[in-house]
Amino acid sequence: MPNSAKNKSATPSIFTKTYAWLWNSLANQLLFTYLILVTLALLVISFWALVSIKAESINDLRNSLEVEAVNLALEIDNDLALDSLKSKMRIKAACDRHASKLGVSITVVDKDGHVLADSAENLKTSGGENLSNQSEINEALAGIMSISQRNSPNSKNNWLYVAYPVRAAGQTTGVIRVGVQLTQIEQRLNKDLIVFLEITLATFIITIFISLWLAKRVSKPIQDMSNLAKKIAISGDIAHTVPVNRHDEIGELGQSFNQMIRRLQVQEKLRQEFIANASHELKTPTMAIGSVVEALLAGAKDDKNLKDEFINSLDKLVIRQTKLIQDLLDISQLDAETGIVWTDKVNISDLLHESIDHIKAQAEKKEIALNFIANPSINRTLTVSGNYNHLLRAINNILANAVNYTGNGGKIDIEYQIDGEEESNELVIKIADTGVGIDAKDLPHIFDRFYRTDKARARASGGTGLGLAITYDIIKKHNGNITVESQIGSGTTFYLTLPLIN
Ligand SMILES: Nc1ncnc2c1ncn2[C@@H]1O[C@H](COP(=O)(O)OP(=O)(O)OP(=O)(O)O)[C@@H](O)[C@H]1O
Ligand SMILES: [Mg+2]
């Protein structure tokens, strides 16, 4: 593409810019919506008001013209019946008086439609122009009061006429027509229109300010959240929250946003603690290995007894280090959930037997009795869907703890039952020991990573405090649950709940 063409297409048009300015800002959208709504509402109200005022004014005027015509009729009805110059003069005088009183034009015609008197003309001594062809006069001559609105023949002005029939002995003896130019009303309406436009403009300006304030009030907290979210996305800094000082939906959004940040803060704290603990736990045996190797190199290797002792402790340290690294790998694998198959059909009886076989030797060493108590009421194969190796790992951890934290000659009972009714799908595995027990203050923490109630004793037994954390993760990943009851000095019981499949 040539350069100039490229530049041309890259420059957005004014329309595109305005569109973007309007729709890329919530505040602008609110502002314009309010403005359009308020302007439309004002215009509709003004139009309706003007139409009503006009109709009302014409109605008022018509009524007053009617009253004037009736009054004049009462005054001249006798003279209408007479056909004398004197009577004509009286009619003319009355006509002029009433016309000037109201500022209107009055025309009096005889029963045939000839003008007898007209407030705008001189006295007619003989019969004047015949107006019977004009609609209102024609209808009034027929005895019906008539109203018409039209342009007068002599001018382009709009006139309102009320023609009133004067009647005597059941006959129409003449018609009084009162007319007024509507220019006054139109002028008044024009003035009203200007006032309405002024009010619309003032309201428009006030609306701009109110809308700006409202739009800012709505968009400011959202803008704050957006800015903070951007900051977190770019720098990962989750030290700040947004101020929340309102109780509406936006306030709720702000609170949820802050809750999310606080959760991230907690997770970040846990992550940092985990890294610090893991580094510390890795460092301790590594340094110990270094010291033993140093001692061997410094000469201990030449003493047979010392050499054997040091190599034994090296072996223990390496085993501990390997176990710790394996635990850390397991934790990260469980966290990431990658490479784990969750669809094994795990036979619970096989699982428990394998785990018991695994721990048997250690238990025998401490003369601890391992009692697997089969439940005679359950005669079906109990199967759980999940990962066999991980479930084995979980049971192994609990049994290993039971052996580790139970003194010589103690006892460990392993039993299971189906919770609730026969058809219930929940398996409960109970592992109870007669060991040292766990203090009530430690119980809520024993599933935390690296938590040990007695660090010295746990370390002596090679524990790092990850076993129960891993067990908890595994059971949760199988949609199960793990709880514990314990009494210092008398022992500990773990309950594992797992959903069974048929
Ligand atoms: N059966 C038990 N009797 C008494 N205390 C127990 C028992 N099981 C666990 N604990 C306590 O809970 C703590 C956490 O147990 P966990 O299995 O997580 O760690 P650990 O046994 O110390 O180390 P490892 O990571 O090797 O398992 C133990 O250090 C111990 O203090
Ligand atoms: Mg353990």
Side-chain angles (χ1 to χ4, degrees), residues 236 238 262-289 316-344 346 351 354-355 358-359 362 384-405 429 431 438 442-455 457-484 492 494-499:
I238 48 167
R262 278 189 208 106
R263 209 191 150 96
L264 285 174
Q265 286 170 343
V266 169
Q267 279 178 350
E268 177 58 15
K269 195 166 164 263
L270 285 175
R271 194 183 67 87
Q272 284 172 358
E273 276 173 13
F274 179 75
I275 291 172
N277 281 326
S279 318
H280 179 76
E281 293 295 332
L282 283 168
K283 191 177 142 201
T284 315
T286 310
M287 283 173 67
I289 289 170
K316 273 191 196 140
L317 286 166
V318 169
I319 288 173
R320 183 173 143 77
Q321 192 79 316
T322 312
K323 178 182 173 296
L324 175 61
I325 291 168
Q326 187 55 52
D327 283 354
L328 292 174
L329 284 173
D330 284 352
I331 283 181
S332 84
Q333 194 195 27
L334 279 167
D335 275 353
E337 279 193 39
T338 47
I340 307 175
V341 178
W342 295 109
T343 49
D344 295 343
V346 182
L351 184 82
E354 183 169 347
S355 187
H358 202 261
I359 205 74
Q362 260 174 278
V384 167
S385 171
N387 183 286
Y388 185 90
N389 287 333
H390 277 97
L391 280 176
L392 183 65
R393 173 87 202 271
I395 307 282
N396 281 350
N397 282 348
I398 292 177
L399 281 180
N401 281 349
V403 173
N404 274 342
Y405 303 108
I429 301 170
I431 298 172
I438 303 167
D442 293 312
L443 274 181
H445 305 290
I446 57 165
F447 297 108
D448 294 350
R449 291 169 181 179
F450 297 107
Y451 193 86
R452 288 162 298 197
T453 57
D454 179 346
K455 290 201 178 187
R457 186 210 291 258
R459 197 163 287 144
S461 68
T464 50
L466 287 176
L468 282 182
I470 294 172
T471 304
Y472 185 86
D473 274 359
I474 293 172
I475 299 300
K476 283 285 164 187
K477 292 254 151 65
H478 283 83
N479 299 319
N481 198 17
I482 176 164
T483 54
V484 58
T492 306
F494 282 91
Y495 297 91
L496 296 180
T497 313
L498 287 166

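What you see is a predicted model; the values in this text were computed from it and never measured.
Although no hydrogens or angles enter the test, the distance criterion places no donor-acceptor pair under 3.5 Å between the side chain of D344 and the main chain of V346. Between the side chain of T322 and the main chain of V318, a donor-acceptor pair closer than 3.5 Å is present.
Applying the side-chain contact (heavy atoms from CB on, under 4.5 Å) rule to N397 yields the partners R393, I470, T471; only residues at least two apart in sequence or on another chain are considered. The side-chain contact (heavy atoms from CB on, under 4.5 Å) search around L264 returns I238, Q267, not counting sequence neighbours. Partners of Y472 by side-chain contact (heavy atoms from CB on, under 4.5 Å), not counting sequence neighbours, listed by chain and number: F447, K476, I482. With sequence neighbours excluded, no residue forms a side-chain hydrogen bond (donor to acceptor under 3.5 Å, both in side chains) with T483. Every residue meeting the ring-ring contact (aromatic ring centres under 6.0 Å, His included) condition with F274, not counting sequence neighbours, appears here in chain and number order: F450. For D448, the side-chain contact (heavy atoms from CB on, under 4.5 Å) partners are H445, Y451, not counting sequence neighbours. Remark: K269 engages E273 in a salt bridge (charged side-chain N to carboxylate O under 4.0 Å, His left out) (not counting sequence neighbours). The side-chain hydrogen bond (donor to acceptor under 3.5 Å, both in side chains) search around Q272 returns E268, not counting sequence neighbours.
Residues S355 and L399 share a closest heavy-atom pair of OG-CD1, 3.3 Å. The shortest non-hydrogen separation linking T453 to I438 is CG2-CG2, 4.0 Å. Heavy atoms only, all atoms of each residue included: Q321 and L282 are closest at NE2-O, 3.2 Å. The shortest heavy-atom contact between R320 and P285 is NE-CG, 4.4 Å.
A salt bridge is defined here as a Lys NZ or Arg NE, NH1 or NH2 lying under 4.0 Å from an Asp or Glu carboxylate O, and D335 with R449 meets this definition. Residues D327 and K323 are paired through a salt bridge, judged by an N-O separation under 4.0 Å between the basic side chain and the carboxylate.
The shortest distance between side-chain heavy atoms of N401 and I431 does not fall below 4.5 Å. In this structure the side chain of N481 never reaches within 4.5 angstrom of the side chain of L498, judged on heavy atoms.
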